[in-house]
Amino acid sequence: FFQSEDGIRDYKVTGVQTCALPICSDAIAVRHSLPDFLLERWRRAHGGDAAAAAAAAASEVPAITLRPCRGCTAEQLAAALAQAGVQCTVDEPMVRWTGGNSPFGTTSFREGKFVVQDRTALRAALAVQARPGETIVDLCAAPGTKTTLLAESVGNSGCVLAWDIDALRRQRIVRSE
C-alpha cells in the first residue's frame, strides 16, 4: 500500500485476474430486496408481469389510511382534518393521509373519529358481513382495529369475542366502548 498526500491509505493491486461470474440472483429480486424463491413462486402462480408488479408494490412505502368510525364519514373526516392542516384525500371508505400536520394531534383523533387501518384489514373485517345482534369470534384480533369495526357492526345487541395467538400482540387488544 501507499499513503497519498492527504494521508489516506490506498492499495495498489497488480496482477488481478478477471473472470465472468454466474448471475446468482434475479435482477427484479435484487432491486426489490426479495428472495429469489419468492419471486419465482409469484411468476409460476401469476406470470412474469404480475410478479414484477407485485415486487415493485412490495418496495413501496405503504400509505397511512384512516378508517372513520363513530358515525363519521370519510368526507366528514377529511374536511375536519383539512381544517386542522392535515393533507389528505378521500379513498372510500377510508381517508389517506398525504402530508401536512399529523392527524394524531387533532380533535378528530381525540374524539375517536378514526383509527389507523390498512385496507387489507378493512377488507377482512367487511368480508365477515357482521350484522346487529350477531356474536362474532375474532381469533386474529390484535391490534384490534378489525375487532372495533366488527363491534360497530354488531352494535350493543351483539358481541365480539377477540383473541390472538401471539401473547404480545394480544396485549394490544383493548376493550372498545
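Values below: every heavy atom of this structure, side chains too, minus hydrogens, waters and symmetry copies.
For Ala51, the side chain to side chain contact (heavy atoms under 4.5 Å, CB included) partners at least two apart in sequence or on another chain are Leu39, Trp42, Arg43. Scored by the side chain to side chain contact (heavy atoms under 4.5 Å, CB included) test, Leu168 finds Asp166, Gln171 as partners (sequence neighbours excluded). Remark: Glu75 pairs with no residue by the salt bridge (charged side-chain N to carboxylate O under 4.0 Å, His left out) rule, at least two apart or across chains. Every residue two or more places apart in sequence or in another chain that forms a salt bridge (charged side-chain N to carboxylate O under 4.0 Å, His left out) with Arg96 is listed here: Asp91. Applying the side chain to side chain contact (heavy atoms under 4.5 Å, CB included) test to Gln83 and every residue at least two apart in sequence or in another chain returns nothing. Remark: Asp118 engages no residue in a salt bridge (charged side-chain N to carboxylate O under 4.0 Å, His left out) (not counting sequence neighbours). Here Arg123 pairs with Arg119, Thr120 under the side chain to side chain contact (heavy atoms under 4.5 Å, CB included) rule; sequence neighbours left out. Scored by the salt bridge (charged side-chain N to carboxylate O under 4.0 Å, His left out) test, Arg31 finds no partners at all (sequence neighbours excluded).
Placement of Ile64 and Met94 in two distinct hydrophobic clusters is found when ILVMFWY residues are connected by side-chain heavy-atom separations under 4.5 Å, directly or transitively. Grouping the Ile, Leu, Val, Met, Phe, Trp and Tyr side chains by contacts below 4.5 angstrom, directly or via other members, places Leu66 apart from Leu122. There is a path of hydrophobic side-chain contacts, each under 4.5 Å, that joins Phe37 to Ile28. Residues Leu139 and Val160 do not share a hydrophobic cluster, clusters being chains of Ile/Leu/Val/Met/Phe/Trp/Tyr side chains in contact below 4.5 Å. When the side chains of ILVMFWY residues are joined at heavy-atom separations under 4.5 Å, either directly or via intervening members, Leu161 and Leu150 end up in two distinct hydrophobic clusters.
Between Cys159 and Ile136 the shortest side-chain heavy-atom distance does not fall below 4.5 Å. Taking the side chain as every heavy atom from C-beta outward, Phe104 and Val116 approach each other to under 4.5 Å.
Through direct or relayed side-chain contacts under 4.5 Å between Ile, Leu, Val, Met, Phe, Trp and Tyr, Val61 connects to no other residue. Using a 4.5 Å cut-off between side-chain heavy atoms of Ile, Leu, Val, Met, Phe, Trp and Tyr, Val115 forms no hydrophobic cluster with any other residue. When hydrophobic residues (I, L, V, M, F, W, Y) are linked wherever their side-chain heavy atoms come within less than 4.5 Å, Val90 remains an isolated member.
Although no hydrogens or angles enter the test, the distance criterion places no donor-acceptor pair under 3.5 Å between the side chain of Arg170 and the main chain of Trp163. Looking at Glu111, its side chain never comes within 3.5 Å of a backbone N or O of Ser108 through a donor-acceptor pair. The backbone N or O of Thr73 sits less than 3.5 Å from a side-chain atom of Gln76, completing a donor-acceptor pair.
Contact detail for Gly133 and Ser157: the closest heavy-atom pair is N-OG, 3.1 Å. Taking each heavy atom of Glu92 and Ala74 in turn, the nearest pair found is OE2-CB, 3.7 Å. Annotation for Cys88 and Val95: closest pair CB-CG1, 3.6 Å, computed over non-hydrogen atoms.
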Worked check of side-chain contact (heavy atoms from CB on, under 4.5 Å) between Cys69 and Thr148: CA-CA 9 Å; Cys69 48; Thr148 59; over 6 Å; no
Residue pair Val86, Thr106: steps toward the side-chain contact (heavy atoms from CB on, under 4.5 Å) verdict: CA-CA 9 Å; Val86 179; Thr106 64; 3.9 Å; yes
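The aromatic rings of Phe114 and Phe109 are tilted relative to each other, their planes meeting at an angle between 30° and 60°.
Residue pairs meeting the salt bridge (Lys or Arg N to Asp or Glu O under 4.0 Å) criterion with at least one member in residues 136-165, sequence neighbours excluded, are Arg67-Glu152.
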